[in-house]
Q: 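Pasting a structure below so you can have a look.
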Amino acid sequence: MDAITQHIVNNSQLEVSLIKISDATPDTFKMSIESRVTNTGPISSTISPMTVDLVGSGGADVHVPAQVIKITDKAAFKAFVTAVLRDESLVLQLKNGKGTVKALLGLSAEIDYNKDVPLKGMNGPKTSIAKTVVDGGGFKNTLTYVNPSPLELDLGIIKQELRNKDGSVIAVQQGKTYLVRGETNVVVEGKVVGKAAGGEAVIVSVGVVEDNWHNETITAFQEPVILSEELLSLSA
């Protein structure tokens, strides 16, 4: 039974609907996965929650419960997070999973789970300034992020700069940011520190307030934006 089931699992496909990455520290994070296994044949089955290793570069529902992941290769992990943020697509590798498949008639089998999973990346994520409110000597920006990926990423309190195309800084801003699937609206607070050369600018993430690995990876988050009329007036 185990050998037959392992063969079916090996030839199945994993469709991921949600991956949450949160609770970052300097060398760990918490991850949970919701997905569905397809191409398993006519008999419905379920796979128990399991522990897996994350490596970057009917059917059955698979839920990997929230677990703490230790980062053992910072360079490889940074490349993975960069791909998540910037790329249109990437491959997620799940390795060393141990689980149980339960099917009809009370039958069950122990399996090893190793699977390459093609995913959509965040492709930026694409960013726009939806609204600017002048607040005393500073401003509050409502940013809209569009995330086509099944990955959700808790960035904590992100620090950003609005820059001209030549790299000179127009303004600095920060705010708590959690990138969910689809569209996210985030309010950040900031102040103008330079002059805008025009309406086109680049929003550059330079770090986070918290002490964690985002400070080494968040610089991959850079996107062109159009400055609001309020920001142009403040930075004239």
Side-chain angles (χ1 to χ4, degrees), residues 16 18-34 51-57 64 66-96 116-129 141 143-163 167 169 171-190 201-225:
V16 173
L18 173 64
I19 299 176
K20 287 185 178 181
I21 295 178
S22 62
D23 296 354
T25 74
D27 58 3
T28 66
F29 60 93
K30 186 177 288 185
M31 180 188 73
S32 61
I33 300 175
E34 294 180 8
T51 298
V52 297
D53 292 339
L54 171 68
V55 183
S57 175
V64 178
Q67 58 187 278
V68 175
I69 306 294
K70 176 76 172 178
I71 302 170
T72 57
D73 186 333
K74 280 287 185 72
F77 184 69
K78 183 175 181 179
F80 167 70
V81 175
T82 298
V84 167
L85 290 169
R86 288 185 173 177
D87 293 356
E88 290 187 30
S89 61
L90 65 149
V91 175
L92 179 73
Q93 293 181 313
L94 301 178
K95 292 189 174 183
N96 301 322
D116 288 351
V117 186
L119 294 175
K120 287 185 178 180
M122 292 187 179
N123 194 27
K126 302 305 180 191
T127 305
S128 60
I129 300 173
N141 272 339
L143 304 179
T144 299
Y145 301 112
V146 178
N147 173 22
S149 170
L151 290 119
E152 294 190 353
L153 192 56
D154 186 354
L155 297 171
I157 300 175
I158 191 172
K159 297 187 290 186
Q160 297 172 320
E161 294 179 351
L162 289 167
R163 298 179 183 175
V169 178
V172 294
Q173 60 186 28
Q174 68 178 42
K176 189 169 180 57
T177 303
Y178 186 174
L179 297 175
V180 301
R181 293 169 294 178
E183 188 173 290
T184 304
N185 290 309
V186 173
V187 176
V188 296
E189 297 184 8
V202 180
I203 190 167
V204 179
S205 299
V206 296
V208 296
V209 170
E210 299 84 358
D211 179 21
N212 60 44
W213 51 261
H214 285 308
N215 283 302
E216 301 177 49
T217 60
I218 200 63
T219 52
F221 190 174
Q222 302 183 20
E223 277 294 299
V225 293

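Every heavy atom of this structure was used, including side-chain atoms; hydrogens, water molecules and symmetry mates were not.
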Q: Is it the case that the side chain of Asn147 and the backbone of Val180 share a donor-acceptor pair, with hydrogens and angles ignored and the cut-off at 3.5 Å?
A: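 Yes, Asn147 side chain to Val180 backbone: donor-acceptor pair under 3.5 Å.
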Q: Quick one: does Leu18's side chain get under 4.5 Å of Ile33's, heavy atoms only?
A: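 No; the side chains remain at least 4.5 Å from each other.
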Q: Return the minimal non-hydrogen interatomic distance between Val225 and Thr127, and the atom names on each side.
A: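 Scanning both residues completely, I find the closest heavy atoms to be CG1-O, 3.6 Å.
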Q: List the atom of Thr28, the atom of Trp213, and the distance in Å for their closest heavy-atom pair.
A: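 Closest heavy-atom pair between Thr28 and Trp213: O-NE1, 2.9 Å.
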Q: In the structure I gave you, are the side-chain heavy atoms of Tyr178 and Lys20 within less than 4.5 Å of one another anywhere?
A: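 A side-chain contact exists here, since the closest heavy-atom pair is under 4.5 Å.
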Q: Looking only at heavy atoms, which two atoms of Arg86 and Thr219 are closest? And how far apart?
A: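 Where Arg86 meets Thr219 most closely, the heavy atoms are NH2-O, 4.1 Å.
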Q: For the side chain of Asp154 and the backbone of Gly156, is there at least one donor-acceptor N/O pair under 3.5 Å apart?
A: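 Judged by distance alone, yes, a pair lies under 3.5 Å.
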Q: With rounding to the nearest 0.5 angstrom, report the CG to OG distance, Asn123 to Ser149.
A: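 That separation rounds to 10.0 Å.
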Q: Measure the OG-CD distance between Ser205 and Gln222 for me, rounded to the nearest 0.5 Å.
A: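 Here the rounded value is 8.0 Å.
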Q: Is a side-chain donor or acceptor of Asn141 paired with a backbone partner of Leu143 at a separation under 3.5 angstrom?
A: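 It does not hold such a pair.
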Q: Would you indicate whether the side-chain heavy atoms of Leu119 and Pro150 approach each other to under 4.5 Å?
A: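 Yes - at least one pair of side-chain heavy atoms lies under 4.5 Å apart.
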Q: Between Glu152 (side chain only) and Arg181 (backbone N and O only), is there a donor and an acceptor less than 3.5 Å apart?
A: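 Between the backbone of Arg181 and the side chain of Glu152 there is a qualifying donor-acceptor contact (under 3.5 Å).
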Q: To the nearest 0.5 Å, what is the distance between CG on Asp23 and CG on Asn212?
A: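 Rounded to the nearest 0.5 Å, the CG-CG separation comes to 10.0 Å.
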Q: Which value, rounded to the nearest 0.5 Å, describes the distance between Ile69 atom CD1 and Ser32 atom OG?
A: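 The CD1 atom of Ile69 sits 10.0 Å away from the OG atom of Ser32.
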Q: Which pair of non-hydrogen atoms, one from Pro148 and one from Gly121, has the smallest distance, and what is that distance?
A: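 Of all heavy-atom pairs spanning Pro148 and Gly121, the closest is CG-O, 3.5 Å.
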Q: Using modelled atom types and a 3.5 Å cut-off, is there a donor and acceptor pairing between side-chain atoms of Lys78 and backbone atoms of Glu216?
A: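 It does hold such a pair.
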Q: For Lys126, does its backbone N or O pair with a side-chain atom of Ser128 as donor and acceptor, under 3.5 Å?
A: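 Side chain of Ser128 to backbone of Lys126, a donor-acceptor pair under 3.5 Å: no, none is there.
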Q: Any sub-3.5 Å donor-acceptor pair from Asp73's side-chain atoms to Ala76's backbone N or O?
A: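 Yes, because the side chain of Asp73 sits within donor-acceptor range (under 3.5 Å) of the backbone of Ala76.
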Q: Could you check whether Phe221 and Tyr145 have their ring centres less than 6.0 Å apart?
A: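 Close enough - the centres of the two rings lie under 6.0 Å apart.
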Q: Taking the side chain as everything from C-beta on, heavy atoms only, tell me whether Ile19 gets closer than 4.5 Å to Met31.
A: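 Side chain of Ile19 against side chain of Met31, heavy atoms only: contact under 4.5 Å found.
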Q: For Glu210, does its backbone N or O pair with a side-chain atom of Asn215 as donor and acceptor, under 3.5 Å?
A: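 Side chain of Asn215 to backbone of Glu210, a donor-acceptor pair under 3.5 Å: yes, one is there.
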Q: With no hydrogens and no angle check, is any side-chain donor or acceptor of His214 less than 3.5 Å from a backbone partner on Thr25?
A: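 Absent.
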Q: For a 4.5 angstrom cut-off between non-hydrogen side-chain atoms, does Ile21 reach Lys30?
A: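 No - every pair of side-chain heavy atoms lies 4.5 Å or more apart.
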Q: First locate atom CG of Leu162, then atom CD1 of Ile129, and finally report the distance between them rounded to the nearest 0.5 Å.
A: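 Reported to 0.5 Å precision, the distance equals 5.5 Å.
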Q: Answer yes or no: is there a side-chain heavy-atom contact under 4.5 Å between Val169 and Arg163?
A: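 Sidechains of Arg163 and Val169: in contact.
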Q: Which pair of heavy atoms, one from Val208 and one from Ile158, lies closest together, and at what distance?
A: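 Scanning both residues, the minimum pair turns out to be CG1-CA, 4.1 Å.
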Q: Any side-chain heavy-atom pair from Val172 and Gln160 closer than 4.5 angstrom?
A: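 Contact flag for Val172/Gln160 side chains = no.
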Q: Would you check if there is a donor-acceptor pair between the side chains of Thr144 and Asn185 at a distance under 3.5 Å?
A: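 Yes - a donor-acceptor pair under 3.5 Å links their side chains.
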Q: Side chains of Glu223 and Val202, heavy atoms from C-beta outward: is any pair under 4.5 Å?
A: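 Result no, sub-4.5 Å side-chain heavy-atom pair not found.
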Q: Compare every heavy atom of Leu151 with every heavy atom of Met122, then report the nearest pair and how far apart it is.
A: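 That closest heavy-atom pairing would be CE-O, 3.5 Å.
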